[in-house]
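Beneath this line is the structure, given in structure tokens, with notes to follow.
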Amino acid sequence: MIEFSQEAKRRYNAIVSHYPEKRAALIPVLHLAQREFGWISQEVADYVGELMDYPPSDVLSVATFYTLLHKKPAGKYHMEVCRNVSCWLMGAYRCVDEIKSLLRIDVGGMTEDGRFSLNLTECLGSCGTAPAMQVGDRYYENLTPQSLAEIIEKLKND
Amino acid sequence: MTKVLLSNIDRPEQVKLETYRASGGYRGLEKALKLDQAAVIEEVKASGLRGRGGAGFPTGMKWGFVPRNSPKPTYLLCNADESEPGTFKDRLLMERDPHLLIEGMAIACYALNCHLSYIYLRGEYEFIAHILQKALDEAYEAKILGPSLMGRDFALDIFLHLGEGAYICGEETALIESLEGYRGYPRLKPPFPAVSGFLASPTVVNNVETLCAVPWIIQNGAAAYASMGTEKSKGTKLFSVSGHVNKPGVYEVEMGYPLLDFIKNESGGIPNGRKLKAVIPGGSSVPVLTAQECESVVLDYESLAKAGSMLGSGGVIVFDETTKMPEVLSVIADFYAHESCGQCTPCREGTGWAAKILRNIVAGKGKRSDLELLLKIANMMEGKTICPLADADVMPIRSFVNKFRNEFEDFCNGH
Ligand SMILES: Cc1cc2nc3c(=O)[nH]c(=O)nc-3n(C[C@H](O)[C@H](O)[C@H](O)COP(=O)(O)O)c2cc1C
Ligand code: SF4
Ligand code: FES
């Protein structure tokens, strides 16, 4: 059985207190659960459901709607490269190719050591600094194949 | 030019309360609190401010729709979901001047008699959540927010709520569903949120940029704001410029600025001496304009509507002569197919099929008859769905195919 850490339990109570109805806390709680457990597995959905008193199927039906909630394990550094118009114009796919060849993974894949995974995503709101990618709570912008090689090297040793 | 939104954007440490106050911050709120609630709404009405989230609905009028004698609480939700492709202006305001948003929200809450308010921030902007939360914490510590708004007998709590990745949650009723803890399925309107929104209570949803204009309007007066811009499009507006320009970025200009001058003077023109081919003036959901159409357009709601497009979110995407328009449309169509929430059959199926057909065309496997099929699908989607996302796919499909038909036919050559 999985369980929130003491710190996460404190966070949980704080989150629930921000809303007039408990249900409104569900998505932020799923965010918290993902931070604790890495992704929203059946086990995590069961746990959140029990904690908040919703059926696990209900919890999963919400989780599957939102792309930032992972339905399978993601790498420690989950790279989401924008594929939308401005990034595409500015060479997003050259960057994707660079990542693929540096890490020897495909879009949707993960390195064997679980450090990196790669996905394409929609407009990140970085069109003026395109191409861009999101890695956790960080943005990397004005990407070039060269800058990507440096970013990956740094994250490898992090 | 007078700046309403970006006057302090480059000031060092503007994110801090102290700096914000030194730049005149929270004086609009002080002034608002000396006025009647109804007088604040009247002032916003008189300013002519229109919603900057895309639809351009008059802000004061929207506030006026909220029933004053409802037994239920009223909610203000700040729409910070900014996900319209080509749009990155709200982000700049929140990253660099977060107290401006908090002040705008506080004034709106006072006017609306709202005591609990949320900022719905797209999940990808988690790095901005840290900045906003710090600013909120400071505002609580300074007793601007909390049990007594700037010392008045008026409680106000503002909380930050992170989305988890879904373009559709920028649509106001989907945002409300999502905030309530459900899948982001848009609701049928009516009832409009002003009557029955968050938790079936009166709710106002406003865009970040809209709310950020409010402190200036209160401080300087509606007339000063209304003296800028054009007859029906008052004030200033942020435009996010990206694509083939020398200086992409966010620019604040008075409404009515000629589009081509804007591209040349503000965003530095097109690189490598290339010619302009087309512009999407208001985010990917609005019809594209050809270079020739751009010549007579000025940046305001009416001029863009007259040219057959829309001001939308002010996301200006510029394409030079080397751009292959069918490829652009394919990228856009994939986006809508991915983001359709799936509730309405015409949208779920239509966006999916349009994307497939376009991928086929771009891969050189399309037939000329596919172009008719695309337009037919567009007709079958338009105006038949719960929310405007389906129409938002129709706009680019129809305008790209009709205006750049030769290019599409070239891709289909031999078939
Ligand atoms: C598909 C779709 C996506 C939208 N996305 C956003 C958004 O990201 N941000 C926003 O402020 N408004 C967005 N809107 C508009 C909102 O529904 C709503 O009109 C707006 O938030 C109202 O605020 P305003 O009156 O201040 O503009 C979207 C609308 C649709 C149909
Ligand atoms: S139009 Fe599309 S996105 Fe909007 S409610 Fe219908 S299916 Fe969902
Ligand atoms: S198109 Fe990539 S960030 Fe907007």
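Lettering follows sequence order; numbering is per chain, from 1.
- For a residue to count as touching a neighbouring chain, one of its non-hydrogen atoms must lie under 4.5 Å from one of that chain's; by this rule B/Val318 touches chain A with the backbone only.
- The pair A/Lys9-A/Glu3 meets the salt-bridge criterion, with a side-chain N (NZ, NE, NH1 or NH2) lying under 4.0 Å from an Asp/Glu carboxylate O.
- The contact between B/Thr87 and chain A is made entirely by backbone atoms, counting heavy-atom distances below 4.5 Å.
- Between B/Tyr251 and B/Phe239, the distance separating the two ring centers is not shorter than 6.0 angstrom.
- Of the listed residues (B/Glu180, B/Glu164, B/Glu126), the one with the most heavy-atom contacts under 4.5 Å to chain A is B/Glu164.
- Atom CZ of A/Arg11 has 12 or fewer heavy atoms from other residues, nucleotides or ligands within 6.0 Å.
- Residues of residues 334-343 of chain B lying under 4.5 angstrom from chain A, judged on non-hydrogen atoms, are B/Asp334, B/Phe335, B/His338, B/Glu339, B/Cys341 in numerical order.
- No hydrogens or angles considered: a donor-acceptor pair under 3.5 Å links the side chains of A/Glu36 and A/Ser5.
- Contact annotation for residues 83-92 of chain A against chain B (heavy-atom separation below 4.5 Å, listed by residue number): A/Arg83, A/Asn84, A/Val85, A/Ser86, A/Trp88, A/Leu89, A/Met90.
- B/Arg183 and B/Ser178 form no side-chain donor-acceptor contact under 3.5 Å, judged by distance and modelled atom types alone.
- Using a 4.5 Å cut-off between heavy atoms, B/Ile128 does not touch chain A at all.
- Using a 4.5 Å heavy-atom cut-off against chain B, the contacting residues of residues 18-33 of chain A are A/His18, A/Tyr19, A/Pro20, A/Glu21, A/Arg23, A/Ala24, A/Leu26, A/Ile27, A/Pro28, A/His31.
- Atom CD1 of B/Ile397 and atom CD1 of B/Ile332 lie 9.5 Å apart (nearest 0.5 Å).
- Side-chain contact annotation: B/Glu321 with B/Thr323, donor-acceptor N/O pair under 3.5 Å absent.
- Ring centers of B/Tyr118 and B/Tyr75: at least 6.0 Å apart, outside the cut-off.
- Under 3.5 Å, the side chains of B/Glu82 and B/Tyr125 contain a donor-acceptor pair of N or O atoms.
- Under the 30°/60° scheme for interplanar angles, the aromatic rings of A/Tyr139 and B/Phe127 are found to be tilted.
- Using modelled atom types, one finds no donor on one side chain facing an acceptor on the other under 3.5 Å when comparing B/Asn272 with B/His244.
- With respect to A/Asp158 and A/Lys76, no salt bridge is recorded, no charged nitrogen being found less than 4.0 Å from a carboxylate O.
- Judged purely by distance below 3.5 Å, without hydrogens or angles, the side chains of A/Arg104 and A/Thr111 never pair a donor atom with an acceptor atom.
- With chain A as the partner, the residue from B/Leu162, B/Leu199, B/Asp157 showing the most heavy-atom pairs under 4.5 Å is B/Leu199.
- Heavy atoms closer than 4.5 Å to chain A are found in the backbone of B/Val241, but not in its side chain.
- With respect to the salt-bridge test (charged N to carboxylate O, under 4.0 angstrom), the residues B/Glu124 and A/Arg138 do not qualify.
- Other residues, nucleotides and ligands place more than 12 heavy atoms under 6.0 Å from the NZ atom of A/Lys71.
- For the residue pair A/Gln134 / A/Thr121, no side-chain donor-acceptor distance below 3.5 Å is found, with atom types taken as modelled.
- Taking 4.0 Å as the cut-off between side-chain N and carboxylate O, B/Glu84 and B/Arg122 do not count as a salt-bridged pair.
- Below 4.5 Å, heavy atoms of chain B meet no heavy atom from residues 93-103 of chain A.
- For the set B/Ala166, B/Ser242, B/Ser83, the count of heavy-atom pairs under 4.5 angstrom toward chain A peaks at B/Ser242.
- Contact of B/Ile168 with chain A is made through the side chain alone, with heavy-atom distances under 4.5 Å.
- Ranked by non-hydrogen atom pairs under 4.5 Å with chain A, the options B/Gly163, B/Gly315, B/Ser267, B/Gly184 are led by B/Gly184.
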